[in-house]
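The block underneath contains the structure these notes are about, expressed in structure tokens.
Below, chain A is the first sequence line, B the second, and so on; all start at residue 1.
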Protein chains: 2
Amino acid sequence: MRYHREDVVDRALVVLDTYGLADLTMRRLGTELGVQPSALYHHFPNKQRLLAAVADEVLARGRRAPRPSAWDDRVTAVCAELRDAMLAYRDGAELVATVRSFGLGAATPYDELAAALEDGGLGADLVPTAARTLLHFVFGHAVDEQTHLQAGSVGAIDDAPRDDSDFALGLTIVVDGIRVLAGRPTVAG
Amino acid sequence: MRYHREDVVDRALVVLDTYGLADLTMRRLGTELGVQPSALYHHFPNKQRLLAAVADEVLARGRRAPRPSAWDDRVTAVCAELRDAMLAYRDGAELVATVRSFGLGAATPYDELAAALEDGGLGADLVPTAARTLLHFVFGHAVDEQTHLQAGSVGAIDDAPRDDSDFALGLTIVVDGIRVLAGRPTVAG
DNA sequence: ACCTGAACACCGTTCAAGT
DNA sequence: ACCTGAACACCGTTCAAGT
């Protein structure tokens, strides 16, 4: 008893990873901490803000440095890190996407992508759209993957290695599209 | 009293559009129909399946024909129709995305996109990834737009017309990326 | 600063029983 | 075939009060 904000977030991460997002309730978390649910409202104004803090922690724990110097390698690195961070916790992708959907959570991934794209010489008017398109792909793909929606076309015997290359392929589509937008088509012919 | 399945879906659509997805509960819908919540379980096995039926109806009502003949125009048309259908109802994008996330709902948009891409000569091994990448963009963009997350970069005075062109721009990125993947770069230089 | 206890206004779902 | 009534096992949130 007598917890700090970080203790609550830490325990929420354990509950998330053990029982899933649906079971990450204020009452359940309170029980897990040996505390009344109302006690949590001393640390967070509501459940949304609690979830936002948990989502931010998921991303913070998945953080790795340094970034490559080439803009396209940096974009790829940021997207891969984001995906890996979300997949590292049960329902992590759905959590981060949900938090984002109610306008909360860290803006770091967006900012990093936008900075990389600007470095790549993409017009400032195109940067926000391109950065958001990358995020839509990463979130969508990770949620699909984590919800076991990645049916694929034919009956694959194993899943995991297939999804890695599927992610890479999808990311290539978006990055190449951005290249075209920037007036620099690829070497493909 | 004494309703059919379709009556329930129709009324659910009204509740959705009037009060939003959060207020589309079994109890609320029952009240709205003048019926006990338990009565709804005669028509649907659970809430997920009810929502799936509602999501399918949203898409069905947004349906418009015929499709263009060129593969890329067809892809654009399917994506635009999907987006418009979801935006036509309050929280429509979140509803369709949610239903999809638990593995339910119509597969028509995916099937149509996959067919168009195959017509475009994209390798059969690349079609599923490309089709899903298009869907990730459309869903992500529509949810952002409908949750008023489309902050943009600078303080825009009006929103609506901006989002239309933003959608078109993002879609261009993905389609051009697919073109590159298919070995057919655009005319850009 | 951090927590209790009790309450308020809700949820989805089940199931025997009615018409 | 379609619905009632009652119950079960939950939710998030508020708020006066305690230490």
>> Roughly how many Å apart are D/dC2 and C/dA17, using the P atom of each and rounding to a whole number?
In response: 22 Å

>> Measuring only the P atom in each nucleotide, how far is C/dA9 from D/dC10? A whole number of Å is fine.
In response: 22 Å

Please report the shortest heavy-atom distance between [X] and [Y], naming the atom on each side.
{"X": "A/A116", "Y": "A/V75", "answer": "CB-CG2, 3.9 Å"}
{"X": "A/D91", "Y": "A/L16", "answer": "CB-CD1, 4.2 Å"}
{"X": "B/L87", "Y": "B/A142", "answer": "CD2-O, 4.0 Å"}
{"X": "B/L117", "Y": "B/A130", "answer": "CD1-CB, 3.6 Å"}

>> Pairing donors with acceptors under 3.5 angstrom, does anything connect the side chains of B/H141 and B/D163?
In response: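 No, no side-chain donor-acceptor pair sits under 3.5 Å.
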
> Any cation-pi pair here, B/R83 with B/F167, using under 6.0 Å and within 45°?
Replying inline: yes

>> Filter on side-chain hydrogen bond (donor to acceptor under 3.5 Å, both in side chains), then keep only pairs touching residues 9-23 of chain B, sequence neighbours left out; what's left?
In response: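 side-chain hydrogen bond (donor to acceptor under 3.5 Å, both in side chains) check on residues 9-23 of chain B returns B/D10-B/R61.
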
> In Å and rounded to the nearest 0.5 Å, what is the CD to CD distance from B/E94 to B/Q146?
Replying inline: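 If I round to the nearest 0.5 Å, the distance is 8.0 Å.
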
> Pairing of DNA chain C as dot-bracket, 5' to 3': ( ) intra-strand, [ ] crossing, | other strand, . unpaired, with Watson-Crick or G-U pairs under 3.5 Å?
Replying inline: ||.|||||...|||||.||

> Can you give one letter per nucleotide of nucleotides 3-19 of chain C, 5' to 3': B if a protein heavy atom sits under 4.0 Å from the base, S if only from the sugar-phosphate, - if neither?
Replying inline: SBB-----BBBBB----

